[in-house]
Visitor: 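I have a structure I would like to understand better, so I am pasting it below and will then ask my questions one at a time.
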Amino acid sequence: AELFSVNTTTGCQPDEERELSMMLRLIAEYRRHGFTNAAFFPFTYAIDSAAAMEQLREAGCLGFIGTVECFNDAERIRQWGKKKGSITFDQHVEKYRRARRVGFDIVETDYVLGADSYTEMLDGIRALDEARVAVVPNIKRNYTADQLNSNHPDIWNHGMTYIAEGFHAALATYRNGTIKRRAARYSVAYLRRQGENVTLRDLPIRHT
C-alpha cells in the first residue's frame, strides 16, 4: 500500500497493440499482488492513439512519457533510425497534446541535447512547454569519434552556453509537472509518518 509510483519503460514492442497489451498486463500483475495505491507512468514511443491512451488512464496511469531524441526530423532519422524517427516533431507535439486531452496529469518527454542547432533546441523546448510538456534533458553519448562527430557544430560554437541554456530552458518546463516531483512529495510524506523531520531539499533526487 506504500507503493505510490511505478514507471514502466519499454521500447521492445513493434506496434501499439502489443505495447498496450504488455503495459496493461504489467499493471494488472501489480494489482494482483496487492499494490492498490500505485499510480503508473508508462514510458513509450509506440503508443500514439487516444483510444490506447484512454485504456492506460482507465488502468490507473497518471502520466504519459515519451522521447523525442532531437527536434530536427532528418537528424533524428539519421542518428536514431526510422523507428524512433517515424513521426515528425510536430506529430510528437500533437501526441503529447492528445495525452493532455485524454486526462494525463503529467506528460513528459526525454530529449537529448547535442544533435540540434542552438536555435532548434530552444525553439523545440519552447513549443513543448507551450503544449504543457515537461522536457527531461539528457546529454548525448560521446564515447567514440563517430558519436563525437555526430554533434551539431553549435555545441562547439556556443561552448558550455549551449548545454547550460539548454538545461535551463528544459528545467523551466518542469512547472508542467514531473513524475519525480510527485514521487518526492510522497517520499517526504512517508518519511514524516515514520518520524523523520525532512523536506524536499533533504532528498538526494537527481533531476533526470
Side-chain angles (χ1 to χ4, degrees), residues 1-11 23 26-27 30 33-45 56-57 59-71 92-93 96-97 99-100 102-116 118 121-143 155 158-208:
E2 295 289 359
L3 180 64
F4 284 98
S5 183
V6 180
N7 286 17
T8 53
T9 303
T10 181
M23 291 288 187
L26 281 169
I27 293 168
Y30 271 91
H33 283 81
F35 296 106
T36 55
N37 291 326
F40 294 84
F41 299 90
F43 178 102
T44 174
Y45 53 79
L56 290 176
R57 284 283 295 116
C61 295
L62 296 186
F64 184 88
I65 311 99
T67 177
V68 177
E69 309 296 358
C70 78
F71 302 143
H92 275 286
V93 174
Y96 297 133
R97 287 199 181 105
R100 279 292 189 183
V102 165
F104 286 106
D105 295 335
I106 296 171
V107 179
E108 292 184 13
T109 188
D110 274 10
Y111 172 59
V112 182
L113 276 71
D116 291 312
Y118 177 77
M121 173 181 66
L122 295 181
D123 286 348
I125 293 172
R126 188 177 304 111
L128 287 162
D129 188 28
E130 289 171 356
R132 298 172 60 210
V133 180
V135 181
V136 180
N138 298 271
I139 295 292
K140 198 169 177 294
R141 291 188 181 96
N142 288 283
Y143 302 142
I155 204 169
H158 289 269
M160 274 306 296
T161 299
Y162 181 106
I163 300 298
E165 295 196 11
F167 264 77
H168 179 77
L171 295 180
T173 69
Y174 281 25
R175 62 176 169 266
N176 296 309
T178 67
I179 296 164
K180 291 175 181 64
R181 176 60 62 88
R182 178 185 180 276
R185 286 172 176 156
Y186 274 109
S187 298
V188 166
Y190 171 80
L191 290 169
R192 285 180 173 172
R193 289 198 300 272
Q194 308 308 309
E196 301 288 342
N197 184 23
V198 297
T199 68
L200 281 174
R201 290 183 178 275
D202 297 314
L203 297 182
I205 294 180
R206 61 196 183 103
H207 81 275
T208 179

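Note that the numbering runs from 1 along the sequence shown for the chain.
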Visitor: To the nearest 0.5 Å, what is the distance between CG (N7) and CD (E108)?
Guide: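 Reported value, rounded in 0.5 Å steps: 8.0 Å.
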Visitor: Is there a side-chain contact between L26 and P42, using heavy atoms and a 4.5 Å cut-off?
Guide: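 Of all side-chain heavy-atom pairs linking P42 with L26, none is under 4.5 Å.
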Visitor: Is there a side-chain contact between T44 and M23 (heavy atoms, below 4.5 Å)?
Guide: yes
Visitor: For the residue pair Y96 / T109, report whether a side-chain donor-acceptor contact shorter than 3.5 Å exists.
Guide: yes
Visitor: Of all residues at least two apart in sequence or in a different chain, which pass the side chain to side chain contact (heavy atoms under 4.5 Å, CB included) check with A131?
Guide: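 Here the qualifying residues are V93, R97, V133.
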Visitor: Assess the residue pair R192 and T199 against the criterion (side-chain contact (heavy atoms from CB on, under 4.5 Å)); give the C-alpha distance rounded to whole Å, side-chain angles, the decisive distance to 0.1 Å, and a yes or no.
Guide: CA-CA 9 Å; R192 285 180 173 172; T199 68; 3.8 Å; yes
Visitor: For the CD1 atom of I179 and the CZ atom of F40, what is their distance to the nearest 0.5 Å?
Guide: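 Interatomic distance, I179 CD1 to F40 CZ, rounded to 0.5 Å: 12.5 Å.
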Visitor: Between F4 and Y190, is the gap from one ring center to the other below 6.0 Å?
Guide: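 When the ring centroids of F4 and Y190 are compared, they turn out to be at least 6.0 Å apart.
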Visitor: Mind checking what makes salt bridge (charged side-chain N to carboxylate O under 4.0 Å, His left out) contact with R181, not counting sequence neighbours?
Guide: none
Visitor: Quick one: CD1 on I106 to CZ on F64, what's the gap to the nearest 0.5 Å?
Guide: 13.5 Å
Visitor: For R201, is the CZ atom crowded, meaning more than 12 foreign heavy atoms sit under 6.0 Å from it?
Guide: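 Atom CZ in R201 is not crowded, with 12 or fewer foreign heavy atoms closer than 6.0 Å.
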Visitor: Can you list everything that forms a side chain to side chain contact (heavy atoms under 4.5 Å, CB included) with A39? Sequence neighbours excluded, please.
Guide: F41, L62, R182
Visitor: Are V6 and Y30 close enough that some pair of their side-chain heavy atoms sits under 4.5 Å apart?
Guide: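 In contact.
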Visitor: If you apply the rule side-chain contact (heavy atoms from CB on, under 4.5 Å), what do you find for C61 with T8, and how did you get there?
Guide: CA-CA 10 Å; C61 295; T8 53; over 6 Å; no
Visitor: Side chains of V68 and Y45: does their closest heavy-atom pair fall under 4.5 Å?
Guide: no
Visitor: Show me the donor-acceptor pairs, under 3.5 Å and distance only, between side chains in residues 159-170 and residues at least two apart or in other chains.
Guide:
{"from": "Y162", "atom 1": "OH", "to": "G114", "atom 2": "N", "distance (Å)": "3.3"}
{"from": "Y162", "atom 1": "OH", "to": "D116", "atom 2": "O", "distance (Å)": "2.7"}
{"from": "E165", "atom 1": "OE1", "to": "Y118", "atom 2": "OH", "distance (Å)": "2.2"}

Visitor: So, taking the atom named CD1 in I155 and the one named CE in M121, what distance separates them when rounded to the nearest 0.5 Å?
Guide: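 Interatomic distance, I155 CD1 to M121 CE, rounded to 0.5 Å: 8.5 Å.
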Visitor: Restricting to side chain to side chain contact (heavy atoms under 4.5 Å, CB included), what partner residues turn up for E196, sequence neighbours left out?
Guide: L191, V198
Visitor: Could you list all the side-chain hydrogen bond (donor to acceptor under 3.5 Å, both in side chains) pairs where at least one residue sits in residues 121-137, not counting sequence neighbours?
Guide: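 Sorted pair list: D123-R126, D129-R175, D129-N176.
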Visitor: Roughly how far, to the nearest 0.5 Å, is the CG atom of L3 from the CG atom of N37?
Guide: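 That separation rounds to 8.5 Å.
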Visitor: Going through the distances and angles, do F43 and D110 end up as a side-chain contact (heavy atoms from CB on, under 4.5 Å)?
Guide: CA-CA 10 Å; F43 178 102; D110 274 10; 3.7 Å; yes
Visitor: Output the distance between atom CG (D202) and atom CG (N197), rounded to the nearest 0.5 Å.
Guide: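 CG of N197 is found 8.0 Å from CG of D202.
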Visitor: Which atoms form the tightest heavy-atom contact between L203 and A184, and what is the distance?
Guide: CD1-O, 3.6 Å
Visitor: Return the minimal non-hydrogen interatomic distance between Y174 and P137, and the atom names on each side.
Guide: OH-CD, 3.6 Å
